[in-house]
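Residues take their numbers from the sequence shown, with the count starting at 1. Remember, it's 1-based here, ligands and their atoms both numbered in the order they're listed.
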Amino acid sequence: MGQFIDYQQFDSTKSSCMEKFDVCVIGAGPAGYAAAMRAIDFKKKVLLVEKRQLGGAGIHHGALSSKTWWELSREFYHIRVQSQVYNFDAPKINFSKAKSEVLAAGHERMNLLEHHMYNLNISHGEGLFTYIAGNARLLDKTTVEITKTDEKIEVHADYIVLATGSRPRNLPHIPTDEKIIMTSEGIEKMDDFPRNMVILGAGVIGCEFATIFSHFGQTKVNLIDKGDRILPFEDEDVVRVIENNLEEHGVVIHRNSRLIEMKIEDEMVVYTLEYTDGSKEVFRVEKALISVGRIPNYENIFDESLGIEVDERGIIDDLTQTSVPNIYAVGDITADIALVNVGELEGRYAIERIFGKPKKPLIYENISAIMFLSPEVAGVGLNEIKAKEQGIDYKVVSLDYSCISRAIAMRNTQGFIKILVTNDEEMKILGMRVVGEHASSAIQAVALLISMGQGIEELAELIHPHPSIIEGIQECVRMLLNKSILKPSVLREAMKCRSCTGGVYEDIVF
Ligand SMILES: Cc1cc2nc3c(=O)[nH]c(=O)nc-3n(C[C@H](O)[C@H](O)[C@H](O)COP(=O)(O)OP(=O)(O)OC[C@H]3O[C@@H](n4cnc5c(N)ncnc54)[C@H](O)[C@@H]3O)c2cc1C
């Protein structure tokens, strides 16, 4: 692990005179950091203020920490499986050791960002970049008050970028103490694996933690799902694989259940569920994880009198610009997709709007995303649920992993690739889902084609490396063009090619 750097040493702001900046970015999570760095490209004098930890939820109690947990748990799960195959004793897992690895990952990333900041002025010009550790608040539309540990200072900036992110939603009737009943902020406060736990919320984060804890095999996980299936925004075929695996790993999914009470009793969580038939059941577990969404951090950052429009989902913005023209808002604080890559995109776009002209419009349709489940799920563009909601007719082609040599070599053929294209001659790609090993690395080519508005011909003819999962994508598009190597008319279960018109499916027969 590298050395921590004390940033006060390059905090050039003096409390005696008001320092002036071209832009002040409030919040150094992924969105704020990306915005500040883009401002450097324009040779602007930029101030970045962070009240807690550099990297925000992109690193701590968020994207990087949870992915480190996921990687560790997955590796451990594979070793456990291999120990049965090769007949050796399954290793023991130590929570403290795993936790220290997660913290080390966070420090490693934070140190990189710190080192990078520290050396920016050396490489880009003295006085261009300033970082202050403190709590920022707007006094008016160009004056920021920063409360540091030992003093308050005021700075002036022509432009402000608000990037203060989000925090876990707490439910008023649940006594969340971050020790026994936790949100994602409490995971690293635990000292050991609980013997059993309940997760409230079957969205992405809830399901990711159900996967992580069930992979480690030390915790019996219950997952409360108010609907009849987890991940309600995802297509049924995708969800089916994930649900099966969770249940195979011992997760109990409380479907169609309503939490009517959760309390702490004798250091244990006691919760009561009510099912659709009116029956009730009481459970007792060691820990609870509340995962019911996140809320934007905009309180105490500006007064209402400033005129920045907000609603309960966050700051209302017009392509990152708020209702106050020199103030921009990016990342989780705005009412759109809460992802690291979206925050970074918005942060960079805001700066390009302020100091230049963005080359590309800010479009949210083709955002690639990964869900770290078992197996991983990667997606870009529309899925079938969204296409139907938008009244779009489409062709859909899918290929089982059992047809892909690389998956066979990995001895893991669970999963499939599914591609949606327009239901016309052009067959423009609308979206894709990959469920299975290497899913995340398989989607980029298709993401590029979607963003370029291209059809599938190019992909069908491109030489792909062998053996690779992306060969499956190629076989999918060849299927649509009636020139696949394996024929769907023969491998009916593993290869499907259908059209969906007004919600009605029909096999495509060439
Ligand atoms: C458990 C979990 C897992 C996730 N996994 C993924 C994933 O796999 N992939 C992905 O893309 N996304 C993931 N996300 C979402 C991702 O972490 C967020 O979308 C992203 O961090 C948002 O970036 P941001 O910069 O807008 O906000 P944040 O990351 O929340 O950063 C905001 C920063 O602003 C600071 N701040 C707040 N108020 C002030 C103030 N007044 N003055 C100064 N500083 C202030 C905060 O301390 C914080 O550091 C995950 C989130 C969670 C919780």
Crowded around Lys179 NZ? As in, over 12 foreign heavy atoms under 6.0 Å?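 No, because the 6.0 Å sphere around NZ of Lys179 holds 12 heavy atoms or fewer from other groups.
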
Count the heavy atoms of every other residue, nucleotide or ligand shown that sit under 6.0 Å from CD of Glu267, and state whether that count exceeds 12.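 Not buried by this count: 12 neighbours or fewer within 6.0 Å.
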
For [atom], closest protein heavy-atom neighbour:
{"atom": "atom 12 (N) of ligand 1", "result": "Val340 N, 3.4 Å"}
{"atom": "atom 47 (O) of ligand 1", "result": "Glu50 OE2, 2.6 Å"}
{"atom": "atom 25 (O) of ligand 1", "result": "Ala31 N, 3.0 Å"}
{"atom": "atom 40 (C) of ligand 1", "result": "Asn135 OD1, 3.5 Å"}
{"atom": "atom 5 (N) of ligand 1", "result": "Lys67 NZ, 3.0 Å"}

Give a yes-or-no answer on whether the side chains of [X] and [Y] include a donor-acceptor pair shorter than 3.5 Å.
{"X": "Glu19", "Y": "His156", "result": "no"}
{"X": "Ser440", "Y": "Glu376", "result": "yes"}
{"X": "Glu188", "Y": "Trp69", "result": "yes"}
{"X": "Glu437", "Y": "Asn412", "result": "yes"}
{"X": "Asp22", "Y": "Tyr159", "result": "no"}
{"X": "Ser166", "Y": "Asp332", "result": "yes"}
{"X": "Tyr349", "Y": "Glu344", "result": "no"}
{"X": "Thr320", "Y": "Asp317", "result": "no"}
{"X": "Glu309", "Y": "Thr322", "result": "no"}

Those atoms of ligand 1 less than 4.0 Å from some heavy atom in [X]:
{"X": "Gly134", "answer": "42 (N), 43 (C)"}
{"X": "Arg52", "answer": "47 (O)"}
{"X": "Ile26", "answer": "40 (C), 42 (N), 43 (C)"}
{"X": "Val49", "answer": "43 (C), 44 (N)"}
{"X": "Ala338", "answer": "15 (C), 19 (O)"}
{"X": "Gly56", "answer": "29 (O), 31 (O), 48 (C), 49 (O)"}
{"X": "Leu339", "answer": "10 (C), 11 (O), 12 (N), 19 (O)"}
{"X": "Gly331", "answer": "26 (O)"}

4.0 Å heavy-atom contact, [X] with ligand 1:
{"X": "Arg294", "value": "yes"}
{"X": "Gly343", "value": "no"}
{"X": "Phe372", "value": "yes"}
{"X": "Ser65", "value": "no"}
{"X": "Arg137", "value": "no"}
{"X": "Gln53", "value": "yes"}

Minimum distance, heavy atoms only, to [atom]: which one of [options] is it?
{"atom": "atom 43 (C) of ligand 1", "options": "Glu208, Glu145, Lys51", "result": "Lys51"}
{"atom": "atom 51 (C) of ligand 1", "options": "Thr147, Leu138, Ile205", "result": "Ile205"}
{"atom": "atom 17 (O) of ligand 1", "options": "Ala57, Gly27, Gly314", "result": "Ala57"}
{"atom": "atom 2 (C) of ligand 1", "options": "Pro296, Ala369, Gly62", "result": "Gly62"}

Residues in ring-ring contact (aromatic ring centres under 6.0 Å, His included) contact with Phe76, at least two apart in sequence or another chain: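 ring-ring contact (aromatic ring centres under 6.0 Å, His included) list for Phe76, sorted by chain: empty.
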
Using side-chain heavy atoms (C-beta onward) and a distance below 4.5 Å, is Val380 in contact with Val446?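 Touching, per the 4.5 Å side-chain cut-off.
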
Partners of Ser441 by side-chain contact (heavy atoms from CB on, under 4.5 Å), sequence neighbours excluded?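 Partners of Ser441 by the side-chain contact (heavy atoms from CB on, under 4.5 Å) criterion, ordered by chain and then number, come out as His438.
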
